[in-house]
Amino acid sequence: MSTSGQHQFRYTQTPSKVLHLRNLPWECIEEELVELCKPFGKIVNTRCNVGANHNQAFVEFADLNQAINMATYFASSSEPAQVRGKTVYIQYSNRHEVVNNKGPGDVPGNVLLATIEGVEAGDVSIDVIHLVFSAFGFVHKVATFEKAAGFQALIQFSDVETASAARESLDGRSIPRQSLSPFYLWKYLLPDHVSSCNLRISYSAHRDLSIKFQSHRSRDYTNPYLPVNPSAIEGFVQPAVGPDGKIKEPESNVLLASIENMQYAVTVDVLHTVFSAFGTVQKIAIFEKNGGTQALIQYPDISTAAVAKDAIEGHCIYDGGYCKLHLSYSRHTDLNVKAFSDKSRDYTIPNSTVWQNSQTASMFPGNEFSGGGAGPTWYPNTQAGRPPFVSGPSTFPGQTYSQSSVPAYAAAADFSVMQPGQISGASQPPRQHNMGPGGASHPGQPPYNG
DNA sequence: AGCACA
């Protein structure tokens, strides 16, 4: 019988620690709400730009009395609450908490994360990004990178206010095709083939970016003396031209391996074993790209990488044409990888005993081969401090190994092409190992074809 | 100038 509102005024003033603010300017940002409200108490959450006109907001105080303080203050004040000169009307909200307005990217900070939609990394230069964001204040640092989300940039400002202004102004807008500014050389900011490039801007959790080099991917405008990474300056270094006139890709200490015909899982440990034959492997990362599996393998220097590349290129990890490796030089010079995950390793991290135990446990299940007699001549670069393949809980506890069934790491021992000593015999066809990978890591897989 | 659609 009754309808809502029958027993109460429509807008009762039941106190709530959430205040409802109206008549805000459309562009009102959270900082302005905070400035207005924080004299009265601790703000635990806000929601701004509410409603079709973006002119309402909610502010939640930690304590009810703080909200009452603010509401009663402005109710009796001769000076109304104002934001940008507009009078703001304040009442208690009919709810008692502000619902989740904020994802991780909505927590204001001085560093912005910009996703540039619809472009490839090469389409928008770091100079253009710098130009666009410099309109709001001094840009300290810029770092760009490619992620699954697309081409992204981190832009570091001095303070939250500047970053917020840039975000409010640029989020959802497109980088203009042309710059009308007479002060910059870039007349055209975008290549012709880019039809649109919307900016999606959120806040980064970073406060201070760590820029190691000035390069086409990263800049530190506060430190002009930061070393330039020559291999990373696009266009500065002409690509080397080989004797055949073809452009050679610039060399790098990091190799990019594409794994073809990957019938069997290729783990970080398998790659480490294979690539360690040529020098210390510092880091490994495995990832999927274009439906295939790729890996980055980092050596300390280019020469080691070059030797490994020439020796391994085109060869298979496993007999039968499985897991064929194609190598090129990566553009990376220093990988940023998790120290220990199923897709990456950082072997440079000292005191790595924590993960070494689990590594040996998962990769070298038996201790049959840890004896001195099985000295790993096939493993010429055993790292100092690295324990032998000690016993550990087996991943395959029920499995026993016969003489002919060899753990996976032994495959490399038979992988004669991997021996550095044979690199000079360039014309020698690779003698692949005689074991299928099922022997160790895939008990159900076809047996080796020895 | 009057309550959020995640």
Side-chain angles (χ1 to χ4, degrees), chain A residues 2-109 111-115 117 147-150 152 160-161 163-173 198-205:
Chain A
S2 71
T3 58
S4 65
Q6 185 162 346
H7 301 296
Q8 57 180 42
F9 293 119
R10 187 171 168 203
Y11 301 109
T12 54
Q13 293 292 291
T14 308
S16 163
K17 57 183 165 45
V18 179
L19 296 180
H20 177 225
L21 314 191
R22 291 174 280 119
N23 202 38
L24 292 159
W26 192 91
E27 324 81 76
C28 178
I29 59 174
E30 183 187 41
E31 280 61 45
E32 292 169 302
L33 291 180
V34 171
E35 283 305 309
L36 177 68
C37 302
K38 77 179 179 191
F40 300 94
K42 181 175 181 347
I43 297 156
V44 297
N45 208 348
T46 69
R47 184 175 179 115
C48 53
N49 306 118
V50 166
N53 293 327
H54 280 217
N55 59 357
Q56 300 174 43
F58 299 91
V59 174
E60 178 180 343
F61 284 96
D63 188 86
L64 176 63
N65 286 327
Q66 298 167 343
I68 292 173
N69 282 345
M70 179 162 175
T72 54
Y73 174 84
F74 284 113
S76 60
S77 170
S78 56
E79 293 277 309
Q82 288 192 325
V83 170
R84 301 193 193 191
K86 287 189 76 176
T87 295
V88 177
Y89 301 91
I90 301 168
Q91 288 181 288
Y92 299 113
S93 172
N94 53 23
R95 299 192 199 179
H96 288 84
E97 64 179 14
V98 169
V99 298
N100 246 5
N101 180 30
K102 295 192 183 119
D106 295 316
V107 180
V111 178
L112 297 177
L113 171 64
T115 303
E117 298 170 338
K147 278 279 174 66
Q152 296 188 308
V160 177
E161 289 70 27
S164 296
R167 179 182 133 124
E168 289 302 313
S169 176
L170 293 175
D171 187 25
R173 301 198 35 203
N198 278 335
L199 293 168
R200 232 45 285 182
I201 300 178
S202 60
Y203 293 105
S204 164

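By convention in this document, chain letters (A, B, ...) are assigned in the order of the sequence lines, proteins followed by strands, and residues within each chain are numbered from 1. Here the structure is a predicted model, which is why all the values come from computation and not from measurement.
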What is the distance, rounded to the nearest whole Å, between atom [atom1] of [X] and atom [atom2] of [N]?
| X | N | atom1 | atom2 | result |
| --- | --- | --- | --- | --- |
| A:H54 | B:dA1 | NE2 | C1' | 18 Å |
| A:N55 | B:dA4 | CG | P | 12 Å |
| A:Y89 | B:dG2 | OH | P | 10 Å |
| A:L21 | B:dA1 | CG | P | 15 Å |
| A:N53 | B:dC3 | CG | P | 12 Å |
| A:Q91 | B:dA4 | CD | C1' | 15 Å |
| A:F58 | B:dA4 | CZ | C1' | 5 Å |
| A:I90 | B:dG2 | CD1 | C1' | 14 Å |

Worksheet item: Roughly how far, to the nearest 0.5 Å, is SG of A:C48 from CD of A:E27?
Response: 12.0 Å

Practice prompt. For A:E97, answer base if it contacts any base atom (sugar-phosphate contacts may also be present), sugar-phosphate if it contacts only those atoms, and nothing otherwise; contact means non-hydrogen atoms under 4.0 Å.
Written response: base

Discussion item. Over all strands shown, is A:N23 touching base, sugar-phosphate only, or nothing at heavy-atom distances under 4.0 angstrom?
Written reply: sugar-phosphate

Discussion item. At less than 4.0 Å, is any side-chain N or O atom of A:R47 found next to OP1 or OP2 of B:dC5? Yes or no.
Written reply: yes

Worksheet item: Taking OP1 and OP2 of B:dC3, is either one under 4.0 Å from a side-chain nitrogen or oxygen of A:R22?
Response: no

Discussion item. Regarding A:Q56 and A:R47, do their side chains bring together a donor and an acceptor under 3.5 Å, going by distance alone?
Written reply: no

Item to complete: Verify, without hydrogens or angle tests, whether A:S16 (side chain) and A:R95 (backbone) share a donor-acceptor contact under 3.5 angstrom.
Response: yes

Worksheet item: Which nucleotide in the list B:dC3, B:dA1, B:dA4 gets nearest to the side chain of A:V50?
Response: B:dA4

Worksheet item: Got more than 12 heavy atoms from elsewhere within 6.0 Å of NZ, A:K86?
Response: yes

